Amino acid sequence: MAAETGPSIDPIHQFSIHPVVPISIAGQDFSLTNSGLFMLLAVALSCLIAAIAARGDSGVPGRLQAMGEMSYEFIAGMVRSAAGEAGMRFFPFVFSIFFFILLCNLLGFIPYSFTVTSQIVITAALALLVFLTVVIIGISEHGVGFFKLFVPSGVPIYILPLVVAIEVISFLSRPLSHSVRLFANMLAGHITLYVFGAFVVMLLGAGAAVKALAVLPFAMTVGLEALELLVAFLQAYVFAMLTCMYLNDALHPSGH
Amino acid sequence: MPYQGDDEDAKLRARLSKLSGDLKGRTAPHAAAPESSAPRADGMGSAMAMGMRAGSEFVAAIIVGTGIGWVIDRALGTNPAFLIVFFMLGVAAGVWNVIRATSPKGAPANRNSPLSRPEPPDKDVRRSPPGAGRDVLHSKRGASDGATQTPGGDDDDED
């Protein structure tokens with residue numbers, strides 16, 4: 001995220017993927033890239049936090065244990081309210097998705113780090129995972145009854161084909177909006193931060209009279225940083241929340 | 001915290017709700033703490049999430065609808081016909097997505113947005129006479145204005 005002193009601004013450069021540990025198996029490129037590295041880092045960090053938080057050997061919870069319990073309550077409340085008691089089967093799934101996305105988003109804030117969730121490949125893979133889970137669980141639980149999801153009750157027969165077509169398109173658009181939302185938010189946020197950071201550097205590099213103006217983009221950067229922190233948390237929350245709501249459709253296909 | 005059997009879980013939850021009820025009773029004079037089970041961002045945060053959700057779902061449905069039409073056209077060689085039809089269906093699906101996203105069902109984060117104020121069908125009947133209905137409601141419930149302004153605050157919970 002650090003701005004370069006060069007004459008041109010290149011806000012996209014921070015998203016470039018390059019190999020960190022080159023690995024080549026049978027002529028194919030299996031290199032560990034910076035993206036993969038930060039994914040592993042996020043997984044390791046969430047495992048570490050969960051392991052320490054779940055140790056629970058003292059009667060009085062410490063800070064980390066309290067945080068672990070709060071996050072459990074947070075996600076469990078979300079799953080219960082959106083997908084009902086039956087949705088608690090998917091609690092580990094939702095919990096993992098939430099913390100993976102949250103940690104990827106937050107790790108992206110460290111200067112010179114890489115924001116994994118700013119790659120649409122990653123968010124699309126997560127969204128498709130959710131989508132396929134919903135379809136497979138829905139069909140295996142309800143069989144043909146799952147397709148009641150597309151046939152709302154109480155619709156006159158002559159308008160039903162239109163409604164079913166709209167419902168199918170609406171259902172198919174879910175993975176797209178699910179993935180693009182997270183990806184676009186992180187991408188746009190980091191580009192904006194970079195551009196304003198670069199303004200500071202450019203103004204400081206300019207003549208003495210303009211130097212004082214650098215305060216303005218700097219203040220903007222500080223404000224944006226706070227906003228992005230909110231967005232990082234919010235998008236992880238929204239992603240997990242929508243996962244719960246989609247799982248609710250798989251569990252109760254005729255319920256809406 | 002491993003997920004144990006159902007009975008164990010229910011027992012734990014009952015104990016937890018009892019304890020948190022006790023806790024709420026103790027801290028009540030200090031501040032009306034938001035309930036822990038319903039996570040809720042501050043006003044601006046949830047409004048932002050809402051807006052971005054509505055926007056992206058609207059656009060996504062149009063793109064998917066147009067894409068389906070384009071694929072059908074390519075397969076059948078009927079160039080703009082299905083593209084146009086499915087584009088319109090996509091727009092309809094987008095609007096439907098936005099309506100569903102802003103309606104209160106399922107998402108407690110949307111609860112406090114003005115767009116998502118529920119219009120329960122049974123309340124509609126009672127509210128239809130504008131002048132006289134309110135008096136009836138008042139005398140029947142004996143409630144203050146606050147109760148009449150938020151109809152259906154208690155019965156629109158999850159299924």
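Residue numbering restarts at 1 for every chain, and letters A, B, ... go by the order of the sequence lines. All values derive from a computational prediction rather than experimental measurement. For the numbers below, each heavy atom of this structure counts, side chains included, while hydrogens, waters and symmetry mates do not.
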Report summary line: In terms of heavy-atom pairs under 4.5 Å with chain B, the winner among A:V163, A:V231, A:L162, A:N185 is A:N185
Report task. Calculate, to the nearest 0.5 Å, the distance between atoms CG and CD1 belonging to B:L89 and A:I169 respectively. Result -> 4.5 Å
Query raised in the report: Got a second to check how far B:I63's CD1 is from A:L172's CG, nearest 0.5 Å?
Result: 13.5 Å
Query raised in the report: Counting heavy atoms not belonging to B:F82, are there more than 12 under 6.0 Å from its CZ?
Result: no
Query raised in the report: Checking side chain to side chain contact (heavy atoms under 4.5 Å, CB included) for the pair B:V59/A:S177: CA distance, chi angles, key distance, verdict?
Result: CA-CA 8 Å; B:V59 174; A:S177 65; over 6 Å; no
Report summary line: For A:I166 and B:A92, the nearest pair of non-hydrogen atoms, with its separation, is CD1-CB, 3.5 Å
**Report entry** Exceeds 12 heavy-atom contacts within 6.0 angstrom, atom CZ of B:F87
**Finding:** no
**Report entry** Flag side-chain contact, heavy atom, 4.5 Å: B:R100 against A:S170
**Finding:** yes
Query raised in the report: For A:L227, is it the side chain, the backbone, both, or neither that has a heavy atom closer than 4.5 Å to a heavy atom of chain B?
Result: side chain
Query raised in the report: Yes or no on salt bridge (charged side-chain N to carboxylate O under 4.0 Å, His left out) for B:R13 and A:E85, after CA distance, side-chain angles and deciding distance?
Result: CA-CA 12 Å; B:R13 201 150 354 97; A:E85 204 52 53; 3.2 Å; yes
Query raised in the report: Is the count of non-hydrogen atoms from other residues, nucleotides or ligands lying under 6.0 Å from A:F93 atom CZ greater than 12?
Result: yes
**Report entry** A:L242 CG to B:R53 CZ distance, which is reported to the nearest 0.5 Å
**Finding:** 4.5 Å
Requested in this report: Select one option (side chain, backbone, both, neither) describing which atoms of A:V238 are under 4.5 Å from chain B's heavy atoms.
Outcome: side chain
**Report entry** Separation between CG of A:L176 and CD of B:E57, rounded to the nearest 0.5 Å
**Finding:** 10.5 Å
